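Below: the structure, in structure tokens.
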Amino acid sequence: MKTIYTLLIALIFTLNVNAQTETKVTSNGQNITVTIQNIKNDKGSVLLGLHTEDTFMKGPGIKNLKSKIENGQVTVTFTNVEAGNYAIMAMHDENDNNRMDFENGMPLESYGMSNNPMSYGPPQYQDAKFEVKDKDLSFNIRF
């Protein structure tokens with residue numbers, strides 16, 4: 001079970017991410033703003049992925065962001081998100097190696113998901129999913 005959990009988490013956070021440079025309002029979709037305020041230090045970056053059910057726990061999201069940490073927090077915005085069901089996964093990449101690090105099958109770096117579900121096994125899409133309709137959304141994710 002630990003091996004499966006480790007492999008799944010590693011797949012999620014092995015992202016080729018693009019740094020977010022600006023937030024802009026578009027007419028082709030909605031904006032999803034994510035804030036994380038409980039980051040334990042300012043080392044490294046936070047990687048975030050916007051996932052569909054098809055990409056969740058299977059690799060990079062349909063949109064991926066990377067943000068530097070300032071004063072233990074980040075705020076990023078996924079722009080131009082079409083209507084549909086999604087989930088957000090985030091991790092604190094303390095050593096900026098663009099992947100989750102493990103020791104004995106346990107994550108060494110903090111992570112979280114939309115809806116902040118509490119689970120003791122692999123993350124589940126159903127617990128983290130939300131629906132984008134016709135207005136912008138905001139999430140506070142806890143690590």
Side-chain angles (χ1 to χ4, degrees), residues 1-24 26 28-133 135-143:
M1 182 67 174
K2 281 186 181 180
T3 303
I4 293 171
Y5 180 66
T6 300
L7 291 172
L8 292 175
I9 293 293
L11 284 173
I12 295 166
F13 294 113
T14 304
L15 301 174
N16 292 322
V17 294
N18 297 316
Q20 177 182 0
T21 56
E22 66 180 69
T23 300
K24 59 182 178 179
T26 65
N28 295 329
Q30 305 307 316
N31 292 333
I32 302 171
T33 301
V34 179
T35 301
I36 303 170
Q37 297 177 317
N38 66 329
I39 304 167
K40 68 180 180 179
N41 61 54
D42 288 356
K43 294 178 186 174
S45 326
V46 172
L47 307 178
L48 300 100
L50 179 68
H51 292 270
T52 63
E53 188 169 14
D54 292 336
T55 65
F56 191 80
M57 299 291 288
K58 296 175 185 153
I62 61 166
K63 291 181 181 253
N64 301 289
L65 299 174
K66 181 176 186 174
S67 179
K68 289 292 178 191
I69 305 158
E70 293 182 20
N71 299 316
Q73 68 179 19
V74 298
T75 298
V76 298
T77 302
F78 292 98
T79 59
N80 197 26
V81 179
E82 296 297 325
N85 291 312
Y86 302 95
I88 296 170
M89 300 197 73
M91 71 160 281
H92 181 192
D93 185 16
E94 284 191 71
N95 58 3
D96 271 331
N97 65 352
N98 291 326
R99 64 181 181 88
M100 173 69 81
D101 295 316
F102 295 89
E103 184 175 292
N104 296 321
M106 300 302 294
L108 293 175
E109 297 169 308
S110 303
Y111 65 95
M113 295 177 283
S114 46
N115 299 331
N116 297 306
M118 299 294 285
S119 66
Y120 293 101
Q124 301 295 314
Y125 178 77
Q126 295 302 321
D127 296 334
K129 80 173 182 175
F130 58 90
E131 186 175 7
V132 173
K133 293 182 181 180
K135 62 181 179 180
D136 294 344
L137 299 173
S138 295
F139 289 94
N140 290 309
I141 293 179
R142 292 187 314 262
F143 283 165

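We use all heavy atoms of the structure for the numbers below, so side chains are in, but hydrogens, waters and symmetry mates are not. Keep in mind that what you see is a predicted model, and the values were worked out from it rather than measured.
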> For N41, does the CG atom have more than 12 heavy-atom neighbours from other residues, nucleotides or ligands under 6.0 Å away?
Replying inline: yes
> Is E82 atom CD crowded by more than 12 heavy atoms from other residues, nucleotides or ligands, each under 6.0 Å away?
Replying inline: yes
> M57 pairs by side chain to side chain contact (heavy atoms under 4.5 Å, CB included) with which of M89, H51, Q124?
Replying inline: M89
> So which of I32, L137, L65 actually passes side chain to side chain contact (heavy atoms under 4.5 Å, CB included) with I88?
Replying inline: I32
Within the structure provided, determine whether [X] and [Y] are in side-chain contact (heavy-atom separation under 4.5 Å).
| X | Y | result |
| --- | --- | --- |
| N115 | D127 | no |
| F56 | M113 | yes |
| F102 | L108 | no |
| N64 | L48 | no |
| E53 | Q126 | yes |
| D101 | E94 | no |
| T33 | D136 | no |

Rounded to the nearest 0.5 Å, how far apart are [atom1] of [X] and [atom2] of [Y]?
| X | Y | atom1 | atom2 | answer |
| --- | --- | --- | --- | --- |
| I141 | I36 | CD1 | CD1 | 5.0 Å |
| M91 | F143 | CE | CZ | 8.0 Å |
| R99 | E109 | CZ | CD | 8.5 Å |
| L47 | N98 | CG | CG | 5.5 Å |
| K133 | N85 | NZ | CG | 9.5 Å |
| I69 | K40 | CD1 | NZ | 10.5 Å |

>> Could you walk me through whether D96 and S45 satisfy the side-chain hydrogen bond (donor to acceptor under 3.5 Å, both in side chains) test, starting with their C-alpha distance in whole Å, then the side-chain angles of each, then the deciding distance to 0.1 Å, before giving a yes or no?
In response: CA-CA 6 Å; D96 271 331; S45 326; 2.5 Å; yes
>> Donor-acceptor check, side chain of K63 to backbone of T79, threshold 3.5 angstrom: yes or no?
In response: yes
>> Please give me the minimum heavy-atom distance between S114 and A128, naming the atom from each residue.
In response: OG-O, 2.5 Å
> Given the side-chain rings of F130 and F139, with only the six-membered ring counted for Trp, is the space between their centroids under 6.0 Å?
Replying inline: yes
